[in-house]
Enquirer: 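If you scroll down you'll find the structure; I have some questions about it.
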Amino acid sequence: MSTEVYATPMTPNEVSMAVESGPTAAIEAPEPTAITAPVIEWFAENARDLPWRRSDCSPWGVLVSEFMLQQTPVSRVLEPWRRWLDRWPTPEALALEPAGEAVRAWGRLGYPRRALRLHAAAVAIGERHDGQVPEDHAELLALPGVGEYTAAAVASFAYARAHPVLDTNVRRVLARVFSGTEFPPPAPTVAERALARRVMPEEEAATWAAASMELGALVCTATNPRCDACPVVQACRWVALGRPAHDGPPRRGQAYAGTDRQVRGLLLQVLREHEGPVPQHRLDIVWPDATQRARALESLLADGLVRTSGDAFRLP
DNA sequence: AATTCGTGGAG
DNA sequence: TCTCCAAGAAT
């Protein structure tokens with residue numbers, strides 16, 4: 001089977017023609033294996049040079065990157081990742097420090113529970129895996145903060161194991177190419193997992209995982225996709241259908257201003273900036289609503305992100 | 001299954 | 001300005 005037809009991108013004009021003319025005949029999904037070769041070829045030319053992709057990056061470096069990249073853009077992760085690995089080059093090094101140091105070093109990456117879980121994962125790796133990041137998907141999955149995506153990503157990128165990697169980028173690519181919809185379902189479905197497994201080339205699975213993620217991140221983006229630069233535009237069902245807009249219930253955007261999350265963030269910011277215990281009054285000034293402030297602090301304590309120290313508060 | 005959990009850059 | 005959303009996980 002020739003891949004030439006897919007390897008030649010449409011010109012911008014051809015894309016707009018396809019978009020404007022809309023469907024002329026029955027539009028069917030391409031064969032699952034039709035897109036792998038052109039996407040991998042595209043990746044060879046267009047991959048970003050990210051530090052956790054270099055051959056000298058340890059499995060621990062990959063694991064740290066995956067934690068930091070959960071819901072956080074690459075551009076914001078680069079610098080904290082570099083400093084993190086400089087300070088803690090192994091899981092053991094991190095496990096030797098209090099969890100609060102991980103929370104402090106996490107800085108403003110957001111979702112600081114990830115820092116706590118990464119620290120807990122480092123401890124577990126020392127206890128259960130002799131200090132080595134495990135290769136096995138099930139063992140990875142058992143680590144704190146490691147879900148289906150992260151386990152598959154670490155197995156793939158650190159150990160070149162063949163696991164379908166279904167992140168938000170890949171899900172969007174598959175939704176567009178095969179389902180002809182602008183966006184995937186709200187949460188991963190059985191059908192998506194089955195498709196991801198069929199699309200994955202057994203012999204280049206890890207490369208495919210990185211390549212399909214990269215395509216979603218750089219070309220098949222959530223807003224303003226660059227279809228004129230896409231290596232599989234001619235196979236894409238969504239493009240063939242005229243790029244129909246998302247149909248269905250509006251997708252949940254997360255409010256932030258005025259939420260407990262914002263208050264938690266403000267409280268934790270103060271605690272990160274102080275080595276020792278912080279008296280209550282230093283926390284009281286970050287938010288006017290005492291009820292919400294108390295609730296936020298309670299939840300931080302419940303999460304283990306904050307500890308009491310006499311009458312004061314500090315990182316764990 | 002639906003919510004909760006930070007932060008900041010881009011359009 | 002305001003909305004969207006970025007390599008998810010846990011509950």
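Remember, predicted model here, so these are calculated numbers, not experimental data. Chain A is the first sequence line, chain B the second, and so forth, proteins listed ahead of strands; every chain is numbered from 1.
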Enquirer: Identify, between A:L143 and A:S65, the residue whose nearest nucleotide on DNA chain C lies closer to the 5' end.
Expert: A:S65
Enquirer: Verify the contact: side-chain N or O of A:R251 to OP1 or OP2 of C:dT3, cut-off strictly under 4.0 Å; return yes or no.
Expert: no
Enquirer: If you look at every strand shown and take non-hydrogen atoms under 4.0 Å, does A:A222 touch a base, only sugar-phosphate, or nothing?
Expert: sugar-phosphate
Enquirer: Quick check: do A:P134 and A:I125 have side-chain heavy atoms less than 4.5 Å from each other?
Expert: yes
Enquirer: I need the minimum non-hydrogen distance between A:R176 and A:T221, along with the two atoms involved.
Expert: NH1-O, 2.8 Å
Enquirer: Any donor and acceptor pair, going by atom type alone, linking the side chain of A:W238 with main-chain N or O of A:P244 inside 3.5 Å?
Expert: yes
Enquirer: Just call it for A:V165: base, sugar-phosphate, or nothing, with non-hydrogen atoms closer than 4.0 Å on any strand.
Expert: nothing
Enquirer: Answer with base, sugar-phosphate or nothing: what part of the nucleic acid does A:L267 contact at a heavy-atom distance below 4.0 Å?
Expert: nothing
Enquirer: Select base, sugar-phosphate, or nothing to describe what A:A187 touches, counting heavy atoms under 4.0 Å on all strands.
Expert: nothing
Enquirer: Rounded to whole angstrom, note down the P distance from C:dA7 over to B:dC5.
Expert: 22 Å
Enquirer: Quick one, give me the B/S/- string for nucleotides 3-11 of chain B, reading 5' to 3', where B means a protein heavy atom under 4.0 Å from the base and S means that only happens at the primed atoms, P, OP1 or OP2.
Expert: -BBBBS---
Enquirer: Students often get this wrong, so: under 4.0 angstrom with heavy atoms, is A:W52 touching a base, only sugar-phosphate, or nothing?
Expert: base
Enquirer: How is A:R171 classified with respect to the nucleic acid when contacts are heavy atoms under 4.0 Å: base, sugar-phosphate, or nothing?
Expert: nothing
Enquirer: Show me the pairs that pass side-chain hydrogen bond (donor to acceptor under 3.5 Å, both in side chains) and involve residues 283-296 of chain A, at least two apart or across chains.
Expert: A:D260-A:Q292, A:D260-A:R295, A:Q280-A:D284, A:D284-A:R293, A:W287-A:Q292
Enquirer: Is the CD atom of A:Q269 crowded by more than 12 outside heavy atoms at less than 6.0 Å?
Expert: yes
Enquirer: Could you give all pairs that pass the ring-ring contact (aromatic ring centres under 6.0 Å, His included) test and reach residues 76-98 of chain A, with sequence neighbours left out?
Expert: A:W52-A:W81, A:W84-A:W88, A:W84-A:W106
